Amino acid sequence: MTQNIKGFSKLSKEEKVDWIVKTYFSTPETAKGIVSQYWNSNESLQKLHDEFIENTITNFYLPYGVAPNFIINNKSYTVPMAIEESSVVAAASKAAKFWGERGGFKATVINTEKIGQVHFLFNGNSEKLQSFFNAIKPKFFTETENFTKNMQKRGGGILDIELRNKTEELDNYYQLHATFNTKDSMGANFINTCLEQFAKTLENEAQDFLDFTENEKNIQIIMSILSNYVPNCVVRAEVSCPVSQMSEDASIDAKEFAEKFVNAVKIAEIEPYRAVTHNKGIMNGVDAVVLATGNDFRAVEAGIHAYASKTGQYRSLSHAKIEDDIFTFWIEIPLALGTIGGLTSLHPLVKFSLEMLGNPSAEDLMKIVAVTGLVQNFAAVRSLTTTGIQQGHMKMHINNILNQHKASKEEKVQVMEYFKNATISHSLVVDYLEGLRK
Ligand code: MEV
């Protein structure tokens, strides 16, 4: 059967599923059963999800967990986390409790500036282009007034627009580099709309600029788009306590642990192979909250990893030190988040998350997300430098293995009991289960 199809998007959902299962599956009825079991019986809810994207054939579930006991700037939160990886939520809860008992987290938004650029080619005299830009700059503001009115009422808007000469890197390449404050919205639509208007203004005004030659009047717009690199939209989260309080467990020496922890972070600051994994642990927390609050995790990921490379080498996003017997651990990350617009008023679970967080402003959400990244990083590095990561991971993972092998309740109890004190690995768990079944 051919695997190409014309007019797929025009088919109904059932027709799409039928085509997929007949074309790709050896047992179409079983495949259809898998897809349809995830359809929501609440028709209007299903329709809402169908319409978020195109060609929706089903829903893709992720677990939605919560991590309580986060004390951030003296306020208590229960943090929503959408994530598939076992042990992340448990680790966040445990580490949040640890720091809650030591004064909680301090978080500060350092700045909130977003960036967008119009990329264009101008084949001519760059000084004339600069005079042209200076002359028409007010028009960029007046000709976007229709879009900026509402944003200005909320205290945001276009902050500045600069002309940047990039011709040393690419022939004839210039940019309008614009900065924005989008308040509680992530601002992608607002920024892109403004940029597309800037591009039109630039093209049109060039036609009437008397100093330009005919050739110079033909500014070529390449593209207009926001940047997901937001190094001036940064939040800092921090914890600290006396070194003597760094252990809650008599088997771990507080000072030795604190020093080992600081060294582990220093290794991630200088060694890219470790930094990537270290930062991945941070993103376990960051992405889970970003997803649960309906924000764009791809944008956040792209921006954060670029920030981790801002010195020219990929480095740890978090830092740790011991000074005067005080252990301090902190993170600084760029986060362009929204608590209004986008999915926030559409997706019922996103609304639920935001209400559970007390309907935070975008700045408050930045703090919550950064703290969750820090807490996750603390939990991972604590395990790595003490018990090793596998103990906690595999305990949570046992349950997944047991479910995969359809273990009964009684089998689960027996396996869990046995592996309390035994080394855990996938094959050892399966072998033990099979042994029980013999
Ligand atoms: C696993 O998802 C995350 C860790 O690898 C992070 C780290 O190594 O710091 C445990």
Side-chain angles (χ1 to χ4, degrees), residues 62-67 70 79-99 105 237-239 246-247 249 252 256-292 297-298 300-302 304-305 307-309 313-321 327-333 335 369-401 403-404 423-426 429:
L62 271 185
Y64 178 108
V66 294
F70 276 65
V79 175
M81 301 179 81
I83 187 158
E84 87 300 343
E85 185 174 328
S86 41
S87 82
V88 167
V89 177
S93 308
K94 198 170 156 209
K97 182 164 174 281
F98 178 92
W99 284 109
F105 301 88
E238 179 186 311
V239 282
M246 279 296 283
S247 175
D249 177 343
I252 296 172
E256 189 186 322
F257 165 56
E259 286 171 356
K260 224 172 154 185
F261 191 102
V262 170
N263 275 323
V265 176
K266 283 196 194 311
I267 289 170
E269 284 171 346
I270 58 153
E271 165 53 53
Y273 283 97
R274 173 58 201 149
V276 172
T277 319
H278 181 93
N279 290 347
K280 189 275 183 186
I282 293 171
M283 300 314 289
N284 278 344
V286 168
D287 280 345
V289 188
V290 168
L291 257 177
F297 64 92
R298 287 88 54 208
V300 165
E301 282 274 348
I304 287 184
H305 294 297
Y307 192 75
S309 312
Q313 184 192 306
Y314 191 90
R315 294 177 191 279
S316 166
L317 294 157
S318 63
H319 310 279
K321 64 177 182 189
F327 168 88
T328 308
F329 180 44
W330 73 100
I331 189 173
E332 245 181 58
I333 45 173
L335 280 171
V369 170
V371 162
T372 313
L374 186 73
V375 103
Q376 210 67 54
N377 190 212
F378 178 78
V381 176
R382 177 165 67 175
S383 298
L384 289 168
T385 54
T386 55
T387 57
I389 204 75
Q390 283 310 84
Q391 195 185 77
H393 258 197
M394 291 312 288
K395 274 208 178 116
M396 295 297 294
H397 193 50
I398 282 186
N399 210 31
N400 289 346
I401 302 171
N403 285 339
Q404 257 171 32
T423 306
I424 304 165
S425 80
H426 190 106
V429 173

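Source: prediction; values computed, not measured. Counting starts at 1 for both ligands and their atoms, following the listed order.
- Neither the backbone nor the side chain of V88 comes within 4.0 Å of ligand 1, counting heavy atoms alone.
- Here the side chain of S247 pairs a donor or acceptor atom with the backbone of I252 at under 3.5 angstrom.
- Among all heavy-atom pairs drawn from G373 and V286, the shortest one is CA-CG2, 3.8 Å.
- The CG atom of N263 sits 10.5 Å away from atom CD of E269, with the distance rounded to the nearest 0.5 Å.
- Residue E85 approaches ligand 1 through these ligand atoms, each under 4.0 Å from one of its heavy atoms: 1 (C), 2 (O).
- Taking all heavy atoms of Q376, R274, R382 into account, the minimum distance to atom 9 (O) of ligand 1 is reached by R274.
- Of the polar atoms of N377, none of the N or O atoms is found under 3.5 Å from an N or O of ligand 1, judged by distance alone.
- Each of the atoms 7 (C), 8 (O), 9 (O) of ligand 1 lies under 4.0 Å from some heavy atom of L384.
- Ligand-side atoms of ligand 1 in range of K280: 1 (C), 2 (O), range being under 4.0 angstrom from any heavy atom.
- For ligand 1, none of its N or O atoms has an N or O atom of H278 under 3.5 Å away.
- Paired with N377 under the rule side chain to side chain donor-acceptor pair (under 3.5 Å), one option of R382, H278, K280 passes, and it is H278.
- Rounded to the nearest 0.5 Å, atoms CZ (F329) and NE2 (H319) are 9.5 Å apart.
- Between F378 and F257, the ring-plane angle classifies as perpendicular under the 30° and 60° cut-offs.
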